[in-house]
Amino acid sequence: MELLSYPFMVRALIAALMTGLIAPAIGTYIVQRRLSLLGDGLGHVAIAGVGLALATGTAPLPVAVVVCLAGAVIIELLRRFNRASSDVGLAILFYGGLAAGVLLAGVAGQGAGALSQYLFGSLTTISDADAWMVAVLGAVVLIPAIGLAPQLFAVSVDEEHARTMGLRTHLYNLCVVLLAAVTVAIAMRTVGLLLISALMVIPVATARGLVIGFRRGLYAAMVIGVIVAVSGTAASFYVDAAPGGLIVVLAIAAFALSWPLSVTLNRRRRQGILASEHERSPEAV
């Protein structure tokens, strides 16, 4: 309860809670599409947005959201029209966004050091306006991520099959990358732009080893994300450590601890399937 007596920690916990919810939710679709590095690419684009905000003297979060959304649209257009592969598009986002951010920060007279709090997270500097914006944008991401789960999952698993079912795959693909872009921009104050991809991927990998089924995996990943994000934020207050790095380390620890359990569960599931097939075989009858 001591944490709640500090307003800056209350804002930090709210931001961590929302990030822990939405990052694995969007990460579920990204991992399914085998684009685990998309978060890193969009994170580097968001750096350009932060540099632009520093150069123009505006609030970093709104500018980063807009720039990140523009980058997400560009990479989806590149993928859709086959003008470049997804890997090439991600590489362009990596280097171009990072270079633009550093350049603009230098133009603003603050240097690359001013970007550090956005690269690795800085929960203690979150203002009331930032907390409100994180909460609102988090809800904007979470509602379609859960409400459109069947359509987004179908497009992520097999785009051609989803198209034959009558789904507008281009719109749903664009929806996934746009939601990922907003998630990355939100996380720049919590986990940081360089570490957000880990929070989008690791809880999803952990949940996949523990549960079966898409919806169960989605909700399990969100629960794991909230636990590691909130506990990492709270622990950083007491150990005086960077919250972003601590959150990611806790996520990795959760994955490592769940691995023996996931191996045991998978073995039992295979044994159950084999036993069921044996009972249905003519020889068993």
Side-chain angles (χ1 to χ4, degrees), residues 13 15-40 42-43 121 138-158 162 172-173 175-177 179-184 186-187 190-192 195-235 243-273:
L13 289 171
L17 174 65
M18 293 306 301
T19 305
L21 278 173
I22 63 177
I26 300 304
T28 300
Y29 305 109
I30 292 176
V31 171
Q32 193 65 49
R33 295 178 63 181
R34 294 180 174 87
L35 288 175
S36 298
L37 293 179
L38 179 63
D40 280 332
L42 292 174
V140 170
V141 172
L142 204 57
I143 291 173
I146 296 177
L148 298 177
Q151 295 90 333
L152 297 179
F153 177 71
V155 172
S156 299
V157 172
D158 191 339
Y172 289 118
N173 281 327
C175 179
V176 170
V177 295
L179 294 179
V182 177
T183 300
V184 168
I186 290 175
T190 53
V191 182
L195 297 175
I196 178 56
S197 186
L199 194 59
M200 297 173 74
V201 174
I202 297 174
V204 177
T206 305
R208 282 187 167 190
L210 298 177
V211 299
I212 295 179
F214 167 70
R215 282 195 176 273
R216 290 181 180 179
L218 173 65
Y219 296 137
M222 292 169 63
V223 170
I224 295 170
V226 169
I227 291 174
V228 298
V230 173
S231 59
T233 301
L246 189 54
I247 290 171
V248 173
V249 168
L250 289 178
I252 296 174
F255 175 78
L257 292 174
S258 69
W259 183 76
L261 178 59
S262 65
V263 171
T264 303
L265 291 175
N266 289 330
R267 184 182 297 114
R268 291 182 178 179
R269 289 164 187 159
R270 286 194 296 268
Q271 292 174 350
I273 293 173

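Only heavy atoms go into these numbers, but all of them, side chains included; no hydrogens, no water, no symmetry mates.
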Distance-minimising heavy-atom pair for [X] and [Y]:
{"X": "Ala180", "Y": "Met200", "answer": "CB-CE, 4.3 Å"}
{"X": "Leu148", "Y": "Cys175", "answer": "CD1-SG, 4.5 Å"}
{"X": "Pro144", "Y": "Leu152", "answer": "O-CD1, 3.9 Å"}
{"X": "Ile196", "Y": "Ala23", "answer": "CD1-CB, 4.0 Å"}

**Q.** Test side-chain contact (heavy atoms from CB on, under 4.5 Å) applied to Val141 - qualifying residues, sequence neighbours left out
**A.**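 Scan of Val141 (side-chain contact (heavy atoms from CB on, under 4.5 Å), adjacent residues dropped) gives Ile22, Ile26, Leu179, Val182, Thr183.
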Q) In chain order, what residues pass the side-chain contact (heavy atoms from CB on, under 4.5 Å) check against Ala154, with sequence neighbours excluded? A)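 In terms of side-chain contact (heavy atoms from CB on, under 4.5 Å), with neighbours along the sequence ignored, Ala154 is linked to Ala162, Leu167.
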Q.
Give me each pair satisfying side-chain hydrogen bond (donor to acceptor under 3.5 Å, both in side chains) with a member in residues 146-158, each pair once, sequence neighbours excluded.
A.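 Pairs touching residues 146-158 that pass the test: none.
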Q: Not counting sequence neighbours, list each pair that qualifies as a side-chain hydrogen bond (donor to acceptor under 3.5 Å, both in side chains) and has a residue in residues 17-32.
A: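 Applying side-chain hydrogen bond (donor to acceptor under 3.5 Å, both in side chains) to every pair that reaches into residues 17-32, excluding sequence neighbours, yields Thr19-Thr190, Gln32-Arg208.
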Q: Name all pairs fulfilling the salt bridge (Lys or Arg N to Asp or Glu O under 4.0 Å) condition that reach into residues 18-33, sequence neighbours left out, sorted by first residue then second.
A: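 Residue pairs passing salt bridge (Lys or Arg N to Asp or Glu O under 4.0 Å), neighbours aside: Arg33-Glu76.
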Below 3.5 Å, can you tabulate the donor-acceptor pairs from side chains in residues 210-230 to any protein atom, sequence neighbours excluded?
unit_1	atom_1	unit_2	atom_2	d
Arg215	NH1	Tyr219	OH	3.3

Show me the donor-acceptor pairs, under 3.5 Å and distance only, between side chains in residues 244-258 and residues at least two apart or in other chains.
unit_1	atom_1	unit_2	atom_2	d
Ser258	OG	Ala254	O	3.1
Ser258	OG	Phe255	O	2.9

